[in-house]
**Q** 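Can you read through this structure? Questions will come right after.
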There are 2 protein chains.
Amino acid sequence: MTFSKDQSAGYLANHMARIFAQGLTARIKPLGLTTGTFPALLELWETDGLTQKQLTERLDIEQATMANTLARMERDGLIVRKKDANDGRAQRIWLTDSARNLRDPAIAAAQEENAMRLAGLTEDEKRQFIALIQKVIKTKPPGTARR
Amino acid sequence: MTFSKDQSAGYLANHMARIFAQGLTARIKPLGLTTGTFPALLELWETDGLTQKQLTERLDIEQATMANTLARMERDGLIVRKKDANDGRAQRIWLTDSARNLRDPAIAAAQEENAMRLAGLTEDEKRQFIALIQKVIKTKPPGTARR
DNA sequence: ACCACTTGCATAGCCCGCTATACAACTGAT
DNA sequence: ATCAGTTGTATAGCGGGCTATGCAAGTGGT
């Protein structure tokens, strides 16, 4: 029974993700941002005023994780949470001006990081790479529909 | 300036890594293992009695992270730490019997998880996928050698 | 109108990763 | 032999992910 971590998709995925995360962390630190806020910001830059529920659905993040992330974002002045008018449970998330102003530099930082990390691949390989990851993410384990 | 998270290598890498991690977590939970211990165990199953330093070098993990992981492993009865005979600073890490016995089921769990998540890929795609991730991991950002 | 159920969010507690810092043990140059 | 520098670990403190749990606000069936 042989097993090499450097042939294991799971191990490699984790390793690669840590590398990307460290790179992006360094690039957006000057902006006062951290990686965990990035996905939420991307959605909110697109459509402001989403509820927490909508954010978790769009990002495949657990509700509790999102609640914590939003709490940090509020603490850091990136968002404000306002009760929804029609549903007293829901909180709508609104970007502050400073968060809106961070959009362009933050996205530029992410694009630079991606470009640098993929610099060793040909254009064709880059496309394949993205497509393969998307395919893996979409692959649902059997039995998910049960119960 | 458009930016789609579903076309961003960094975002996809993170997402995929979380999926793998959740799957493996569930599979090895019955064994009393967690994902963070896995890389260390793989090295120790191969060569027992490594120092902490050697482990961090082999795994591209920060020293502090490894120290914490080893502390948990010791707490959970997977390893014992013994002072090196020749160097009073170094701690050699030795597997317990129970950790040795977990090797086969743990590796089987990882292989099953990998196989399931890659089930949507052809054999050729799997090879490409692994090779591309390895290539991205190996790509060093420019300027690393400076200073 | 009530009550059971569902839904949206917050909190507690843990694992795992990081940076920054401290400190004891070794090493080398003098 | 000493002392400055290096090296191996540990610790503090944080971000970010997860599960489990609790609770207030909505909803539907009677």
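Numbers restart at 1 for each chain; the letters A, B, ... are given by sequence-line order, proteins then strands. Quick caveat: nothing in here was measured; it's all calculated off a predicted structure.
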**Q** Using whole Å, what does the distance between atom P of nucleotide D/dG8 and atom CD of B/Gln63 come to?
**A** 10 Å

**Q** To the nearest Å, give me how far apart NZ (B/Lys83) and P (D/dG8) are.
**A**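 Rounded to whole Å, this separation is 14 Å.
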
**Q** Quick one: is C/dA10 close enough that its OP1 or OP2 comes under 4.0 Å of any side-chain N or O from A/Gln52?
**A**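 For C/dA10, OP1/OP2 do have a side-chain N/O of A/Gln52 under 4.0 Å.
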
**Q** Just the rounded figure in Å: distance from P of D/dA10 to CG of B/Asn68.
**A**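 Spelled out: CG on B/Asn68 to P on D/dA10 is 10 Å.
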
**Q** Starting at atom CG of B/Leu55, determine the distance to atom P of D/dG8, rounded to an integer number of angstrom.
**A** 13 Å

**Q** Scan A/Gln91 against the nucleic acid and name what it touches under 4.0 Å (heavy atoms): base, sugar-phosphate only, or nothing.
**A**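 Since only primed, P, OP1 and OP2 atoms lie under 4.0 Å of A/Gln91, the category is sugar-phosphate.
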
**Q** Give the table of side-chain donor-acceptor pairs shorter than 3.5 Å for residues 30-41 of chain A, with sequence neighbours excluded, one pair per line with atom names and distance.
**A**
{"unit_1": "A/Thr37", "atom_1": "OG1", "unit_2": "A/Thr34", "atom_2": "O", "d": "2.8"}

**Q** With side-chain hydrogen bond (donor to acceptor under 3.5 Å, both in side chains) as the rule and sequence neighbours excluded, what pairs involving residues 129-139 of chain A come up?
**A** A/Lys135-B/Glu125

**Q** Give one of base, sugar-phosphate or nothing for A/Arg75, where a contact means two heavy atoms less than 4.0 Å apart.
**A** sugar-phosphate

**Q** Restricting to side chain to side chain donor-acceptor pair (under 3.5 Å), what partner residues turn up for A/Arg103, sequence neighbours left out?
**A**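 A/Arg103: no side chain to side chain donor-acceptor pair (under 3.5 Å) contacts found.
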
**Q** Please list, by residue number, the residues of residues 5-40 of chain A whose heavy atoms come closer than 4.0 Å to an atom of DNA chain D; answer none if no residue qualifies.
**A** A/Thr34, A/Thr35, A/Gly36

**Q** With salt bridge (charged side-chain N to carboxylate O under 4.0 Å, His left out) as the rule and sequence neighbours excluded, what pairs involving residues 2-19 of chain B come up?
**A**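 Residue pairs with at least one partner in residues 2-19 of chain B: A/Glu43-B/Lys5.
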
**Q** Does B/Asp84 come within less than 4.0 Å of B/Arg89, counting only side-chain N to carboxylate O?
**A** no

**Q** In whole angstrom, what separates B/Glu62's CD from C/dC18's C1'?
**A** 7 Å

**Q** Between A/Ile61 and B/Thr51, which is nearer to the 5' end of DNA chain D once each is assigned its nearest nucleotide?
**A**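 Counting from the 5' end, the first nearest nucleotide belongs to B/Thr51.
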
**Q** For the pair made of CZ in B/Arg81 and P in D/dT9, what is the distance, rounded to whole Å?
**A**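 One finds 9 Å between P of D/dT9 and CZ of B/Arg81, rounded.
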
**Q** For B/Asp84 and D/dG8, what is the distance between atoms CG and C1' respectively, to the nearest whole Å?
**A** 11 Å

**Q** May I have the distance from A/Glu57 (atom CD) to C/dC9 (atom P), rounded to whole angstrom?
**A**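 For the pair A/Glu57 CD and C/dC9 P, the rounded distance is 10 Å.
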
**Q** Show each protein N/O and nucleotides 22-24 of chain D N/O combination with a separation under 3.5 Å, one pair to a line.
**A**
none

